Amino acid sequence: MLSAIVLAAGKGSRMKSACSKPLVKIDGKPALAYSLEVFDRHAAIDEIIVVSNRANRGQVFSLLRQRAYKKVKAIVLGGRRRQDSVYNGLDAVDPASKWVLIHDSARPFIGSGFVTRVIRAGKKYGAALLAVRPKATIKVCRGGFVRQTLERGSLCEVQTPQVFRKDILVEAYRKYRRQDVTDDASLLERSGARVKIVEGNYENIKITTLDDLLLAGLIVKGKNV
Ligand code: CTP
Ligand code: MG
């Protein structure tokens, strides 16, 4: 059994919008609804847990009711950091579940084929994520000056979904909960686990700032033609 945890409990502070980021409309549809549709239809996913916050809980709840997803089993409250939200989501997962998939609702454009591939790799290696090659040159900096240029060939820009064996992830979460991280795989890396990289696509953008919304609108238009 595989459970998907869909995160929608962030504040969206970098977006500077009055609307909660997971509910912001892209071509008339809330961002959160895009990934939920893909997961709800995906044969390898058995249940979905949605993590919301106090401010958007009511709206998330009505979205779920309106769209009547078959697999959404629970809506739970998130925490201060992303990893606290994941932890709360893990608590609501069916005890019979052996696998978990974690996804940021801020990434609406996941393709079903990519979900299949990352699940397959997760099941084979115990942990897997989607990633693309960075297009930019990335440098390490300190105090406003460049310290070092990282070799682009050895870098990858990670995305979600990320898929894990549940027991390994839960253990990593318990062990490293004091450390601040921005994705789930980082916790596993700390315990020395190997995380398999699956090539993703550039369309799977994360909506972070307002300009990402413009791009999101164009991506949807491109899909419809
Ligand atoms: N998230 C969450 N709980 C938190 C923080 C983040 O569920 N305490 C979720 C967000 O809803 C988002 C995903 O994690 O889907 C990725 O986080 P990010 O893009 O940083 O979103 P926000 O934290 O909402 O935005 P910001 O950092 O600009 O405040
Ligand atoms: Mg954040």
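All residue numbers in this chain count up from 1 along the given sequence. Note that ligands are numbered from 1 as they come in the structure, with each ligand's atoms numbered from 1 the same way. What you see is a predicted model; the values in this text were computed from it and never measured.
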### Task
Answer yes or no: is there a side-chain heavy-atom contact under 4.5 Å between Arg81 and Asp84?
yes

### Query
Any idea which of Lys11, His103, Arg14 brings a heavy atom closest to atom 28 (O) of ligand 1?
Arg14

### Query
Are any side-chain N or O atoms of Lys71 and backbone N or O atoms of Ile45, one a donor and one an acceptor, separated by less than 3.5 Å?
yes

### Query
Any side-chain heavy atom of Val195 within less than 4.5 Å of one from Gln162?
no

### Any N or O of Gly10 closer than 3.5 Å to N or O of ligand 1
yes

### Task
Tell me which part of Lys206 gets within contact of ligand 1: side chain, backbone, both or neither, using heavy atoms under 4.0 Å.
side chain

### Summary
Residues Phe164 and Ala185: closest non-hydrogen pair is CZ-N, 3.7 Å

### Task
Around atom 29 (O) of ligand 1, find the nearest protein heavy atom and jot down its residue, atom name and distance.
Ser13 OG, 2.5 Å

### Query
Is there a nitrogen or oxygen of Thr208 sitting under 3.5 Å from a nitrogen or oxygen of ligand 1?
no

#### Entry: Short N-O contact, Arg165 and Asp167, less than 4.0 angstrom
yes

### Message
Looking only at distances, can you tell me whether any N or O atom of Gly79, backbone or side chain, sits closer than 3.5 Å to an N or O atom of ligand 1?
### Response
yes

### Message
Among all the protein's non-hydrogen atoms, which is closest to atom 15 (O) of ligand 1, and how far away is it?
### Response
Leu7 O, 3.1 Å

### Close-contact set for ligand 1 against Arg81 heavy atoms, below 4.0 Å
4 (C), 8 (N)

### Message
Does any N or O of ligand 1 fall below 3.5 Å from an N or O anywhere on Gly12, backbone included?
### Response
yes

### For atom 3 (N) of ligand 1, closest protein heavy-atom neighbour
Ser85 OG, 2.7 Å

### Task
For Ser186 and Asp183, test the side chains for any donor-to-acceptor distance below 3.5 angstrom and give the result as yes or no.
yes

### Message
Closer than 3.5 angstrom, by distance alone: can the side chain of Tyr69 be matched with the main-chain N or O of Leu36 as a donor-acceptor pair?
### Response
no

#### Entry: Greater than 12 external heavy atoms within 6.0 Å of Lys29's NZ
yes

### Task
Report, as yes or no, whether the 6.0 Å neighbourhood of atom NZ on Lys25 holds more than 12 heavy atoms from other residues, nucleotides or ligands.
no

### Proximal atoms of ligand 1 relative to Ser105 (non-hydrogen, under 4.0 Å)
15 (O)

Name the atoms and distances for all side-chain donor-acceptor pairs under 3.5 Å in residues 99-119, with sequence neighbours left out.
unit_1: His103; atom_1: ND1; unit_2: Thr160; atom_2: OG1; d: 2.9
unit_1: His103; atom_1: NE2; unit_2: Arg107; atom_2: O; d: 2.8
unit_1: Asp104; atom_1: OD1; unit_2: Arg82; atom_2: NE; d: 3.0
unit_1: Asp104; atom_1: OD1; unit_2: Arg82; atom_2: NH2; d: 2.9
unit_1: Ser105; atom_1: OG; unit_2: Leu7; atom_2: O; d: 2.7
unit_1: Arg107; atom_1: NH1; unit_2: Asn204; atom_2: O; d: 2.8
unit_1: Thr116; atom_1: OG1; unit_2: His42; atom_2: NE2; d: 2.8
unit_1: Thr116; atom_1: OG1; unit_2: Ser112; atom_2: O; d: 2.9

#### Entry: Option nearest atom 13 (C) of ligand 1 (shortest heavy-atom distance, choices Leu32, Asn53, Asp104)
Asp104

### Message
I'd like to check which ligand 1 atoms, numbered from 1 as shown, lie under 4.0 Å from a non-hydrogen atom of Ala106.
### Response
15 (O)

### Query
Which residue owns the protein heavy atom closest to atom 21 (O) of ligand 1, what's the atom, and how far is it?
Lys21 NZ, 3.1 Å

### Message
I'd like to check whether Val51 has a polar contact with ligand 1, where a contact means an N/O of the residue lying under 3.5 Å from an N/O of the ligand.
### Response
no

#### Entry: Distance-only polar pair, side chains of Thr208 and Lys206, donor-acceptor under 3.5 Å
yes

### Task
Using a strict 4.0 Å cut-off to heavy atoms of Arg80, name the atoms of ligand 1 that fall inside it.
8 (N)

#### Entry: Shortest protein contact, atom 7 (O) of ligand 1 (heavy atom only)
Ala9 N, 3.0 Å

